[in-house]
Amino acid sequence: MSGQTEPPASPAVPSPGLEQIPAVFHDDIESVLIGADDIHRRLDELAAQVDVDYADRELLLVGVLKGAIFVMADVARRLTIPASMDFMAVSSYGSSTTSSGVVRILKDLDTEIEGRDVLIIEDIVDSGLTLDYLMKNLRSRKPASVEVLSLLTKPTRREIELPIRYVGFEVPDVFVVGFGLDFSESYRGLRSIVTLKPEVYAG
Ligand code: PRP
């Protein structure tokens, strides 16, 4: 006996980006699609553009609950122009992963928007049906303008063409969670956008 002990096994090489995600989630994650640093760099750019575009105007940010909460917070605190915040909650009649375009308002705005510049904040635009309803609904209240900022867009899933003025990232037609996006109300708090292993949502 030499008294030597076996060297510890080399730690498994983590998938790129996993180090920014709590270990308890690692087994569920297939890949990190957009890392937290890239998201924050992009939000810096988008907020800077909003600052320029809305200088000297009265901006109202309208977050669409629940997914938009982190984008809303991160955009709002980057702006150097004054901006108010309000929220809407809508329910789409569809399956858990697709929307039907028939939308019910669960929580309406607290404020009047007539004559105001409205910027809808979304986490993702998928089919576009939710946003189409929201834009029509808000335009009927005669705001000065209605534009959209969305962290993610899935252009290949679009059923209605919509003008999205500020887009963070285009993503392929894969199921993504994190940064506000959930699966069964989990994973919203992840700082990155990730894909889940199929067994997580198939079971
Ligand atoms: C998501 C997202 C958008 C909508 C996009 O919300 O936040 O509002 O779906 O889908 P569409 O473009 O196909 O209409 P969801 O209904 O999942 O609610 P949540 O934000 O509370 O998770």
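Start at 1 with the first residue, then count along the sequence. Counting starts at 1 for both ligands and their atoms, in listed order.
Listed by number with element, the atoms of ligand 1 under 4.0 angstrom from any heavy atom of Ile124 are 2 (C), 3 (C), 5 (C). When each atom of ligand 1 is checked for a heavy atom of Leu129 under 4.0 Å away, the hits are 12 (O), 14 (O). Close contacts of ligand 1 with Thr130, meaning ligand atoms under 4.0 Å from a residue heavy atom, involve 4 (C), 8 (O), 10 (O), 11 (P), 14 (O). Near Ser127, with a cut-off below 4.0 Å to any heavy atom, the atoms of ligand 1 are 11 (P), 12 (O), 13 (O), 14 (O). Of all atoms in ligand 1, numbered sequentially from 1 with element shown, those under 4.0 Å from a heavy atom of Leu65 are 20 (O), 21 (O).
His40 and Phe179 make their closest contact through NE2-CE1, 4.1 Å (heavy atoms, listed as atom of the first residue, atom of the second, distance). Taking both residues in full, the closest heavy atoms of Met135 and Val146 are given as CE-O, 4.1 Å, listed atom of the first, atom of the second, then distance.
Under the 4.0 angstrom criterion for non-hydrogen atoms, Asp123 is in contact with ligand 1. Judged by the shortest distance from any of its heavy atoms, Arg188 lies inside the 4.0 Å radius around the atoms of ligand 1.
A salt bridge links Arg141 with Asp108: at least one charged nitrogen is closer than 4.0 Å to a carboxylate oxygen. With salt bridges taken as basic N to acidic carboxylate O contacts below 4.0 Å, one links Arg78 and Asp44. Electrostatic pairing of Asp38 and Arg41 counts as a salt bridge here, judged by a charged N lying under 4.0 Å from a carboxylate O.
Atom CD in Gln49 sits 10.5 Å away from atom OH in Tyr54 (nearest 0.5 Å).
Atom 21 (O) of ligand 1 has its nearest heavy-atom neighbour, among Met88, Lys66, Lys154, in Lys66.
Under 4.0 Å from ligand 1, the heavy atoms of Glu122 that appear belong solely to its side chain. The part of Asp182 lying near ligand 1 is the side chain, judged by heavy-atom distances below 4.0 Å.
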*Check the pair Asp173 / Thr156 against side-chain hydrogen bond (donor to acceptor under 3.5 Å, both in side chains), numbers first and verdict last.*
CA-CA 7 Å; Asp173 185 10; Thr156 55; 4.9 Å; no

*Between Ser145 and Arg116, does a side-chain hydrogen bond (donor to acceptor under 3.5 Å, both in side chains) hold up when you go through it step by step?*
CA-CA 7 Å; Ser145 66; Arg116 302 183 70 182; over 6 Å; no

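When only interatomic distances are considered, the shortest N/O to N/O separation between Gly128 and ligand 1 falls below 3.5 Å. Of the N or O atoms in Gly67, one or more lie within a sub-3.5 Å distance of an N or O in ligand 1.
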